[in-house]
Amino acid sequence: MDERQRSQQVKALKDELRQLYQDLYSDSGEAWEALLRMLDQAEAQRPAVMKDLDARRLQDPDWFKDRNMLGMQLYVGPFAGTLQGVREKLDYIESCGVNYLHLMPLLESPAGRSDGGYAVADFRRVQPELGTMEDLAALTADCHSRGISVCLDFVMNHTSEDHEWARRARAGEAEYQDFYFFYDDWSIPQEYEKHVPQVFPTTAPGNFTWCREVGKPVMTTFYPYQWDLNYANPAVFNAMTDNMLFLCNKGVDVIRLDAVPYIWKELGTNCRNLPQVHTLVRMMRLVCEIVCPGTLLLGEVVMEPSKVVPYFGSVEKPECHMLYNVTTMASIWHTVASHDVRLLRHQLGQVFVLPKEYGFLNYIRCHDDIGWGLDYPYLSRFGMGEVPHKRYLNDYFTGKWPGSPARGELYNDDPRLGDARLCGTTASLCGIEAARYERDGGKLAWALRLDLMLHALIFTMSGLPILYSGDEITQENDYSYHSDPLKADDSRYIHRGNMNWAAAEKRNDPETPEGMIFQGLRKLETLRGEHRVFDSKADTWNVYTGDDSVLGIGRYWRGEKLVALFNFSEFEKTVAISELGVFTDLLTGEKADKLRITLPSGCFVWLLCDFGEEKA
Ligand code: GLC
């Protein structure tokens with residue numbers, strides 16, 4: 001794209017932005033002018049190296065869909081103490097094959113009222129214990145020089161009650177009270193409560209909190225110290241956009257739009273996924289395309305599939321570049337516990353028919369709990385009701401179910417609704433923790449196989465696979481949060497423990513659990529990078545295995561066909577596949593007998609057929 005084309009493009013983007021701004025904020029001439037000035041300023045302040053990156057990415061807009069991409073998400077403190085510490089660990093991060101680094105919230109946030117950093121008190125200051133804004137810029141620069149892109153959370157739904165806007169609102173400044181949702185008395189909040197579900201029913205019930213200083217209730221969808229921002233006020237959109245661009249100019253490549261479905265509130269609705277949310281996301285996308293076109297938007301949309309996909313927008317008017325494959329993640333854990341692949345097959349069937357332009361982020365674990373947002377109407381066909389099935393899953397993953405090797409903890413257990421969620425690391429949920437504790441070699445070998453198989457599954461899917469830091473070395477649950485009064489109420493801290501660097505030392509020894517998983521992952525990542533069949537443009541489908549405990553996935557791209565099989569059963573299985581072609585086991589190099597593929601429990605195979613028909 002030459003300069004003239006780019007300036008024409010920017011003009012069109014600005015026209016659309018103005019139109020949407022007017023739709024949302026009719027009669028807001030001054031605010032619009034202020035936004036335009038701010039965009040110009042952000043563009044002028046954009047560092048030259050970031051502008052170079054923008055230019056390169058404009059030429060290659062699908063760069064993040066490359067099959068060589070591998071992500072890792074980590075908390076700076078538990079991983080390496082400080083941002084400077086992370087810089088010193090970049091060799092390790094690179095040795096994992098990682099080229100996309102999600103740094104969990106690191107901006108200033110009050111101790112004990114931080115929600116893991118998701119209650120931001122200052123969008124322009126790093127949490128002092130972790131370092132400074134200069135350290136962040138230095139880290140992103142180091143990452144870029146190694147070809148690693150950096151993702152940062154943008155917590156846009158709310159601020160901490162300690163944020164300057166909230167402090168000024170408390171001090172009585174009407175201008176800042178208008179940044180939030182204050183009501184004169186409880187009558188309107190009570191109306192809202194009739195339709196709005198609760199995010200943290202046990203740890204933070206209700207959606208409003210009494211603000212003593214103002215003498216009014218204020219909306220707090222998440223924790224009482226997280227005040228919801230009012231995006232119906234254009235000043236909020238402008239100020240938050242300015243904050244986002246500030247972070248982009250510090251070298252952040254990927255903006256994770258935290259809790260994005262919640263950002264527009266309307267009395268009488270459930271305040272989730274309202275049409276205005278999509279307008280706002282589209283506006284943010286336009287802002288990025290105008291000022292920092294190399295930036296990606298990653299939407300955190302933890303909702304059922306029909307609510308997730310609209311956040312991609314349309315081909316002509318895209319919203320997010322990437323979304324989490326959240327239902328697939330939850331369905332995978334359901335499959336681990338039920339040994340029945342029918343739901344997962346059904347779920348994947350829906351993902352496989354989506355346009356290949358959609359970029360999913362595939363993961364097994366992240367910093368949050370696993371919510372059992374499964375397709376219950378589908379499960380009911382097999383006699384699995386929502387409440388009893390959730391109870392079974394929670395019993396299984398907390399190890400209460402007889403024979404279950406999993407060691408997790410419940411999260412926000414709501415006995416009224418029978419609706420608890422689940423926490424724990426991959427290793428502990430797969431049974432590695434229990435097997436090590438019991439010194440049971442057979443159990444350990446099985447749990448390690450399962451752990452690797454789940455990773456192989458996310459590597460088989462199109463999109464960007466993300467490792468949760470520590471999973472590459474089988475890190476177990478950290479129970480120390482129980483004795484920390486600032487964390488004890490929030491069981492998500494069980495899987496946010498300090499990185500075990502002593503264990504990481506064993507990663508090159510394949511005789512150790514750490515080495516088995518680390519080396520196993522490296523092998524899978526390398527194969528994924530080597531074979532075009534893993535390209536995100538590949539066709540994907542469910543392969544019939546004739547067995548409801550063995551999942552089969554097919555991929556085809558330019559003469560390469562992959563059949564991946566995953567045995568979720570407790571028993572060894574032998575299956576046959578009726579796919580055309582001669583297949584070789586990618587991991588062993590051996591020729592496969594399509595009519596007799598034997599998989600021990602918890603094992604997978606990647607079978608490749610090369611028709612040798614690569615076309616340009
Ligand atoms: C997102 C985060 C979660 C946080 C919430 C509120 O869902 O992933 O950790 O508690 O937003 O900001």
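First listed ligand is number 1; within each ligand, the first listed atom is number 1. The first residue in the sequence is number 1, and the count goes up from there. In what follows, every heavy atom counts, from backbone to side chain, and hydrogens, waters and symmetry copies are set aside. Just so it is clear, the structure is predicted and the values come from calculations on it, not from any experiment.
The protein non-hydrogen atom at the shortest distance from atom 8 (O) of ligand 1 is Asp368 OD2, 2.4 Å. In terms of protein heavy-atom proximity, atom 7 (O) of ligand 1 is closest to Glu300 OE2, 2.8 Å.
Per-residue contacts place Arg492 under 4.0 angstrom from the following atoms of ligand 1 (heavy atoms of the residue considered): 3 (C), 4 (C), 9 (O), 10 (O). For ligand 1, the atoms lying closer than 4.0 Å to a non-hydrogen atom of Phe200 are 10 (O). Interface atoms of ligand 1 facing His158, defined by a heavy-atom separation under 4.0 Å, are 6 (C), 12 (O).
Of the heavy atoms in Arg256, only side-chain atoms (C-beta onward) come closer than 4.0 Å to ligand 1. No part of Tyr262 comes within 4.0 Å of ligand 1, judged by heavy-atom distances.
Using modelled atom types, one side-chain atom of Gln226 and one backbone atom of Tyr118 make a donor-acceptor pair closer than 3.5 Å.
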Using salt bridge (charged side-chain N to carboxylate O under 4.0 Å, His left out), reason through Lys390 and Asp395 one step at a time and then give a plain yes or no.
CA-CA 8 Å; Lys390 280 183 178 166; Asp395 283 352; over 6 Å; no
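Asn477 and Arg407 form no side-chain donor-acceptor contact under 3.5 Å, judged by distance and modelled atom types alone. Side-chain polar atoms of Arg365 and His495 form a donor-acceptor pair below 3.5 angstrom.
Closest to atom 2 (C) of ligand 1 by heavy atom, among Asp115, Thr203, Val301, Asp258, is Asp258.
When ring centroids are compared, Tyr25 and Tyr21 come within the 6.0 Å threshold.
Summarising the geometry of Ser109 relative to Ser114, their closest heavy-atom pair is OG-CB, 3.1 Å, with the distance given to 0.1 Å.
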